Amino acid sequence: MLTLKLIEENPAFVVERLKIKGVDVAETVQKIIDNNNLRKETQAKTDRLKSEMNRISKEIGLLFREGKKDEANKAKGRTTELKNEIKTLDTSFSEIGDELNALLITLPNIPHELVPEGLTEEDNLEVKRAGEIPQLVEKLPHWELIKKYDIIDFDLGTKLTGAGFPVYKGKGAKLQRALINFFLDEGEKAGYREVLPPIVVNEASGFGTGQLPDKEGMMYHITAENFYMVPTAEVPVTNIYRDAILDEAELPVKNMAYTPCFRREAGSWGAHVRGLNRLHQFDKVEIVQIVHPDKSYDVLDQMLTHVESLVTKLGLPYRILRLCGGDISFTSALTYDFEVFSAAQERWLEVSSVSNFENFQANRLKCRFKGKDSKKPELVHTLNGSALALPRIVAAILENNQTNNGIKIPDVLVPYCGFDIID
RNA sequence: GGAGAGAUGGCAGAGUGGUCGAAUGCGGCGGUCUUGAAAACCGUUGACCGUGCGAGCGGUCCGGGGGUUCGAAUCCCUCUCUCUCCGCCA
């Protein structure tokens with residue numbers, strides 16, 4: 001969430017900038033300011049009364065010690081009214097605080113100045129395109145290739161679970177494992193520490209990274225324990241640093257994790273989501289950084305370079321898009337999407353999304369750092385990106401590398417797979 | 001799943017109704033001594049909110065929430081977590 005300080009100091013700026021995200025928050029911002037003023041007034045009042053109460057309590061303590069029981073009991077009488085007043089004020093104080101919070105969490109992050117205007121994905125800005133689009137004579141879409149070579153089985157997954165939960169078989173399974181290991185090894189070379197987190201998380205974690213309360217519907221909910229299955233490793237990996245005060249010297253913190261990801265994707269099925277294009281369960285390696293506020297945009301570039309190296313090494317044609325105001329996520333200040341071209345579908349498929357959240361997530365997480373000379377802890381900046389999500393990469397590899405003899409495995413993956421062709 | 005014990009500052013650990021934001025030790029920071037360092041000694045050492053230009057002042061926080069009391073780290077209820085024993089089990 002946005003910091004109260006920013007809203008207090010520059011309400012017009014907040015309202016103006018959020019128009020780029022297609023929302024008008026003028027009313028909410030005004031309510032927040034009013035609410036905050038009321039909160040301050042209320043606190044000033046209660047603090048005064050509490051101070052008085054503390055004073056009397058101490059006096060009573062002293063009187064008892066000196067054995068002046070009558071005087072002490074007399075003093076007690078004066079506290080009854082005070083006590084009631086404090087209770088009433090305290091209640092309204094916490095109600096005001098709850099309301100304020102409820103308002104604050106409805107505001108999306110302020111988009112960075114580079115974010116293009118526009119409301120739909122049509123308005124995203126292509127900033128780079130590279131790689132050769134293969135010219136195929138005979139092109140089968142991946143959903144036919146997987147049947148032809150018997151490597152991924154959707155029907156079987158439907159039998160075991162339901163639609164969108166494929167079963168990977170033989171070389172198909174091994175290709176998954178190869179990609180995961182390749183991505184993790186590349187991440188390690190780039191300085192990321194591997195973590196293997198839980199893939200179910202509690203409510204506080206869901207809130208910390210912004211999936212809750214708004215996007216509750218995206219996650220599978222385990223109601224018996226009130227746990228959620230992770231839609232991305234971002235949730236557990238970022239929440240490691242919830243309620244943490246880091247030493248400035250520890251920054252940047254660079255973590256990565258492989259996890260399966262679970263998404264309900266309610267109501268988002270249609271013609272474009274055949275085969276591997278959209279799943280309820282898929283594999284992904286995620287990179288996460290926690291950095292000094294001054295460094296976050298350099299780090300964003302660094303992360304883009306890393307993701308770019310992955311698609312390049314896999315030999316996939318790709319483009320990089322800077323997301324426009326309407327397409328960028330609620331929590332992000334600046335996001336770049338990577339898309340690879342899948343030659344049989346003749347479509348660009350999103351395989352990575354790299355974002356700088358600035359201090360928006362950090363404020364929810366209460367993740368701060370303290371410098372050697374700084375008195376006050378300061379919010380960190382958080383960033384994350386997929387590096388990479390597997391299914392669409394697999395789709396593109398299968399489609400782009402198909403030959404009459406089988407599907408050629410990209411050179412970098414051959415050592416991981418132990419075979420160079422799927423036939 | 002059954003029985004019991006516990007949760008205190010960065011860590012260890014005292015504190016069972018009042019002057020406790022909390023002894024003590026370790027760690028951290030500053031200083032004295034030293035060519036430098038170590039040792040020793042002295043000082044210092046949390047977060048949040050409000051208020052003030054500021055020094056400061058006021059409030060809240062001893063796992064979370066609620067209660068008793070003039071007053072709660074301390075008593076009661078409840079939740080979560082940790083440990084020990086038993087059962088089950090990869």
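All chains are named by letter (A, B, ...) in the order of the sequence lines, taking the proteins before the strands, and each is independently numbered beginning at 1. It should be emphasised that the depicted structure is a prediction, and the values quoted were computed from it without experimental measurement.
Nucleotide B/rU82 forms a Watson-Crick or G-U wobble pair with B/rA5, both donor-acceptor distances falling under 3.5 Å. Using Watson-Crick or G-U wobble geometry with both donor-acceptor distances under 3.5 Å, B/rU51 finds its partner in B/rG56. Pairing of B/rA23, defined by two Watson-Crick or G-U wobble distances under 3.5 Å, is not identified with any nucleotide. B/rG17: no Watson-Crick or G-U partner with both key distances under 3.5 Å is found in any strand. Judged by Watson-Crick or G-U wobble contacts below 3.5 Å, the nucleotide B/rG87 has no partner. Applying the Watson-Crick and G-U wobble criteria (two distances, each under 3.5 Å), B/rC41 pairs with B/rG31.
OP1 or OP2 of B/rC48 sits under 4.0 Å from a side-chain N or O of A/Arg368. The side chain of A/Lys366 places no N or O atom within less than 4.0 Å of a non-bridging phosphate oxygen (OP1 or OP2) of B/rA47.
Rounded to whole Å, the C1' atom of B/rU78 lies 31 Å from the corresponding atom of B/rC89. Rounded to whole Å, the C1' atom of B/rA40 lies 42 Å from the corresponding atom of B/rC49. Distance check on atom P: B/rG63 versus B/rA73 gives 10 Å, rounded to whole Å. The gap from the C1' atom of B/rU24 to that of B/rU8 amounts to 14 Å, rounded to the nearest Å. Look at the C1' atom in both B/rG54 and B/rU60: the space between them is 24 Å, to the nearest Å. Comparing the C1' positions of B/rA22 and B/rA47 gives an interatomic distance of 15 Å, to the nearest angstrom. For the P atoms, the distance linking B/rA38 with B/rG27 amounts to 12 Å, nearest Å. Nucleotides B/rC62 and B/rA14, compared at atom C1', are 13 Å apart to the nearest Å.
Separating the CD1 atom of A/Ile86 from the C1' atom of B/rG71 is a distance of 12 Å, rounded to the nearest angstrom. Rounding to whole angstrom units, CG of residue A/Leu49 and P of B/rG50 are separated by 18 Å. Rounded to whole angstrom, the span from the CG atom of A/Leu246 across to the C1' atom of B/rA47 amounts to 15 Å. Between the CG atom of A/Asn37 and the P atom of B/rG50 there is a distance of 11 Å, given to the nearest Å. The distance from atom CD1 of A/Ile96 to atom C1' of B/rG50 is 14 Å, rounded to the nearest whole Å. Taking atom CG of residue A/Leu100 and atom C1' of nucleotide B/rC48, one finds them 15 Å apart after rounding to whole Å. If you take CZ of A/Phe369 and P of B/rA47, they are 14 Å apart, rounded to a whole angstrom. Taking atom CG on A/Leu379 and atom C1' on B/rA47, their separation rounds to 14 Å, with Å as the unit.
Considering every non-hydrogen atom in both A/Asp423 and A/Lys171, the closest pair reads OD1-NZ, 3.9 Å.
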*With the sugar-phosphate defined as primed atoms, P, OP1 and OP2, and the base as all remaining atoms, what B/S/- string results for nucleotides 52-69 of chain B, 5' to 3', for protein heavy atoms under 4.0 Å?*
------BSS---------
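The number of heavy atoms from other shown groups lying within 6.0 Å of CD (A/Glu8) is above 12. In this structure, A/Lys295 places its NZ atom where only 12 or fewer heavy-atom neighbours from other residues, nucleotides or ligands lie under 6.0 Å away.
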Using residues 300-308 of chain A as the side-chain source, report each donor-acceptor pair under 3.5 Å to any protein atom, sequence neighbours left out, with the distance given to one decimal.
| from | atom 1 | to | atom 2 | distance (Å) |
| --- | --- | --- | --- | --- |
| A/Gln302 | OE1 | A/Gln289 | NE2 | 3.1 |
| A/Thr305 | OG1 | A/Asp301 | O | 2.9 |
| A/Glu308 | OE2 | A/Lys128 | NZ | 2.5 |
| A/Glu308 | OE2 | A/Tyr318 | OH | 2.6 |

Check residues 181-190 of chain A and write down every donor-acceptor pair under 3.5 Å in which the side-chain atom is one partner and the other belongs to a residue at least two apart or another chain.
| from | atom 1 | to | atom 2 | distance (Å) |
| --- | --- | --- | --- | --- |
| A/Asn181 | ND2 | A/Arg177 | O | 3.4 |
| A/Asp185 | OD2 | A/Tyr416 | OH | 2.7 |
| A/Glu186 | OE1 | A/Lys313 | NZ | 2.7 |
| A/Glu186 | OE2 | A/Lys189 | NZ | 3.0 |

Throw together a table of side-chain donor-acceptor distances under 3.5 angstrom for residues 27-34 of chain A, partners on residues two or more places apart or in other chains.
| from | atom 1 | to | atom 2 | distance (Å) |
| --- | --- | --- | --- | --- |
| A/Gln30 | NE2 | A/Asp34 | OD1 | 3.1 |

Could you go through residues 325-332 of chain A and list every donor-acceptor pair under 3.5 Å that involves a side-chain atom there, pairing it with any protein atom two or more places apart or in another chain?
| from | atom 1 | to | atom 2 | distance (Å) |
| --- | --- | --- | --- | --- |
| A/Asp327 | OD2 | A/Asn124 | ND2 | 2.9 |
| A/Ser329 | OG | A/Thr331 | OG1 | 3.4 |
| A/Ser329 | OG | A/Ser332 | N | 3.4 |
| A/Ser332 | OG | A/Leu334 | N | 3.2 |
| A/Ser332 | OG | A/Leu334 | O | 3.3 |
| A/Ser332 | OG | A/Thr335 | OG1 | 2.6 |

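Using a 4.0 Å heavy-atom cutoff across all strands shown, A/Thr79 reaches sugar-phosphate atoms only and no base atom. Within 4.0 Å (heavy atoms only), A/Lys58 reaches no atom of the nucleic acid at all. Counting non-hydrogen atoms under 4.0 angstrom, A/Ile60 reaches a base of the nucleic acid. Within the nucleic acid shown, A/Lys370 comes within 4.0 Å of sugar-phosphate atoms alone, with no base atom in reach, counting heavy atoms only.
The list of ring pair (Phe, Tyr, Trp, His ring centres under 6.0 Å) pairs with a residue in residues 283-305 of chain A, not counting sequence neighbours, reads A/His112-A/Tyr297, A/His292-A/Phe369.
Taking for each of A/Glu8 and A/Met53 the nucleotide of RNA chain B with the nearest heavy atom, the 5'-most of the two is the partner of A/Glu8. Across the interface with RNA chain B, nearest-nucleotide mapping of A/Ile245 and A/Phe64 shows A/Phe64 to be the residue nearer the 5′ end.
Ring-plane geometry between A/Phe165 and A/Tyr220 is classed as tilted, the angle between the planes lying from 30 to 60 degrees on a 0 to 90 degree scale.
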